[in-house]
Amino acid sequence: MVYNEQCKLGDIICEHYQMLHLLSRFGISLGFGDKTVKAICSENNVDCYTFLATVNYVITGESTDLNNIDLHSMMAFLQNAHTYYIDYCFPKLRRRLINVIDFNDDNKLALLIISLFDEYVKGLRNHLSYEDKTVFPYVHDLLNNKVPNTTYQISSFSRHHDQLDQRLMELKNVIIKYTPSNNNTNEINATLFDIFTCEADLKSHCLIEDNIFIPAIRALEMKLLQQDRTNE
């Protein structure tokens, strides 16, 4: 089902609970009663078209007309996601890992798990920092009608955009295959489940960038280049 602006946001959340992440990243809090998507977006100064394009893409995997995407709203959404991963999600996962695995200087497995986790988060942090310091300022320039040059275009970001999958895969495999049987099964399984959930959320985040954010920027680049040629 493709949702529209007259749908009740509460119904969408009940049908697709993973949309909760999208709410906070668009700056929308719970407690909105039976209001429609249009009303809630208006109250929170969120571009309704961009919100629905993102929601429907995550649910169906199909993108819409990207010429109408509001890049200001999309960048705020992505920056809020970065803050969530670095300041909340992964610190919380690290604390849980330390709590559920016997972590001491003699436990080589625990040291390996934390080392793999920290290496993954370091790579993720570097990638998100690249977006914050290079990509977003570039898009701000485009939105201020600065014509793109040959030094940097969004295709560079697309090439840079690896998924950082390998290190996380190693971490999951170590936990699954080598966690001692004397560990608290419920706790370690719940922590591993959270790692899988966070991984799926990150993949969704990357797909939104690849299939909504980047194409919308390419369209803006082409528009500015065409205007520049016309003015020559």
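Along the sequence shown, residues carry numbers from 1.
- Contact check for Val55 versus Val37: no side-chain heavy atoms found under the 4.5 Å cut-off.
- Residue Asn186 holds its CG atom at 10.5 Å from OG1 of Thr191, rounded to the nearest 0.5 Å.
- Between the NE2 atom in His16 and the CG atom in Asp11 there is a gap of 10.5 Å [rounded to 0.5 Å].
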Note to self: Could you walk me through whether Phe196 and Leu192 satisfy the side chain to side chain contact (heavy atoms under 4.5 Å, CB included) test, starting with their C-alpha distance in whole Å, then the side-chain angles of each, then the deciding distance to 0.1 Å, before giving a yes or no?
What the structure shows: CA-CA 6 Å; Phe196 274 102; Leu192 184 60; 3.7 Å; yes
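- Phe193 and Leu97 sit in two unconnected hydrophobic clusters of ILVMFWY residues. Membership requires side-chain heavy atoms under 4.5 Å apart, directly or through other members.
- For residues 50-80, the set of pairs meeting the ring-ring contact (aromatic ring centres under 6.0 Å, His included) definition, not counting sequence neighbours, comprises Phe26-Phe51, Phe26-Phe77.
- Every residue two or more places apart in sequence or in another chain that forms a ring-ring contact (aromatic ring centres under 6.0 Å, His included) with His82 is listed here: Phe136, His205.
- Looking at Arg218 and Ile214, their side chains come closer than 4.5 Å, going by heavy atoms from C-beta outward.
- Heavy-atom minimum distance, Thr54 versus Ile212: CA-CD1, 4.1 Å.
- Residues Asp65 and Tyr49 are in side-chain contact: their nearest non-hydrogen atoms beyond the backbone lie under 4.5 Å apart.
- Residues Leu93 and Cys198 come closest through the heavy atom pair CD1-CB, 4.1 Å.
- The CD1 atom of Ile98 lies 9.5 Å from the CZ atom of Arg95; values are rounded to the nearest 0.5 Å.
- Rounding to the nearest 0.5 Å gives a distance of 5.0 Å between CG of Leu23 and CG of Leu9.
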Item checked: Derivation of the side chain to side chain contact (heavy atoms under 4.5 Å, CB included) call for Asp132 and Gln79 -> CA-CA 7 Å; Asp132 291 336; Gln79 287 172 318; 4.1 Å; yes
Which atom pairs, one a donor and one an acceptor, fall under 3.5 Å between side chains of residues 40-48 and the rest of the protein, sequence neighbours left out?
{"unit_1": "Glu43", "atom_1": "OE1", "unit_2": "Lys35", "atom_2": "NZ", "d": "3.2"}
{"unit_1": "Glu43", "atom_1": "OE2", "unit_2": "Lys35", "atom_2": "NZ", "d": "2.8"}
{"unit_1": "Asn44", "atom_1": "ND2", "unit_2": "Ile40", "atom_2": "O", "d": "2.8"}
{"unit_1": "Asp47", "atom_1": "OD2", "unit_2": "Thr50", "atom_2": "N", "d": "2.9"}
{"unit_1": "Asp47", "atom_1": "OD2", "unit_2": "Thr50", "atom_2": "OG1", "d": "2.6"}

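- Checking side-chain atoms of Ser129 against main-chain N and O of Arg125 turns up no donor-acceptor pair under 3.5 Å.
- Here the rule is side-chain hydrogen bond (donor to acceptor under 3.5 Å, both in side chains) with Tyr138, and of Lys133, Glu221, Lys146 only Glu221 fits it.
- The neighbour count for Asp34 CG, taken as heavy atoms of other residues, nucleotides or ligands under 6.0 Å away, does not exceed 12.
- In this model, a donor atom of one side chain and an acceptor atom of the other lie less than 3.5 Å apart for Glu119 and Ser115.
- Residues Ala81 and Arg25 approach most closely at CB-CD, 3.6 Å, considering heavy atoms.
- Within the 4.5 Å cutoff, no side-chain heavy atoms of Val58 are placed close to those of Leu207.
- Residues Ser29 and Phe32 share a closest heavy-atom pair of O-CD2, 3.2 Å.
- A 6.0 Å sphere centred on NZ of Lys172 holds more than 12 heavy atoms belonging to other residues, nucleotides or ligands.
- Scanning both residues, Glu5 and Leu52, for their nearest heavy atoms gives N-CD1, 3.4 Å.
- Residues Leu78 and Phe213 form a side-chain contact, since some pair of their non-hydrogen atoms from C-beta on lies under 4.5 Å apart.
- Here the closest non-hydrogen pair linking Pro215 and Asp210 is CD-O, 3.2 Å.
- The hydrophobic clustering, which links ILVMFWY residues whose side-chain heavy atoms are closer than 4.5 Å, places Tyr17 and Leu30 apart.
- Rounding to the nearest 0.5 Å places CD1 of Ile12 at 10.5 Å from CG of Leu22.
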Margin query: Met19 vs Ile59, test: side chain to side chain contact (heavy atoms under 4.5 Å, CB included). Steps then yes/no.
Written below: CA-CA 9 Å; Met19 295 302 107; Ile59 293 172; 3.9 Å; yes
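- Defined by atom type and a distance below 3.5 Å, a donor-acceptor pair is missing between the side-chain atoms of Glu199 and Tyr120.
- In this structure, the side chain of Thr179 does not engage the main chain of Ile176 through any donor-acceptor pair within 3.5 Å.
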Check: Given the rule in the side chain to side chain contact (heavy atoms under 4.5 Å, CB included) test, do Leu20 and Ile13 qualify, once you have shown the distances and angles that lead to the verdict?
Finding: CA-CA 7 Å; Leu20 285 169; Ile13 300 302; 3.8 Å; yes
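- Side chains of Asp201 and Tyr85: a donor-acceptor N/O pair is present below 3.5 angstrom, by distance only.
- For the atom pair CG of Asn145 and NZ of Lys223, the computed distance is 8.0 Å after rounding to the nearest 0.5 Å.
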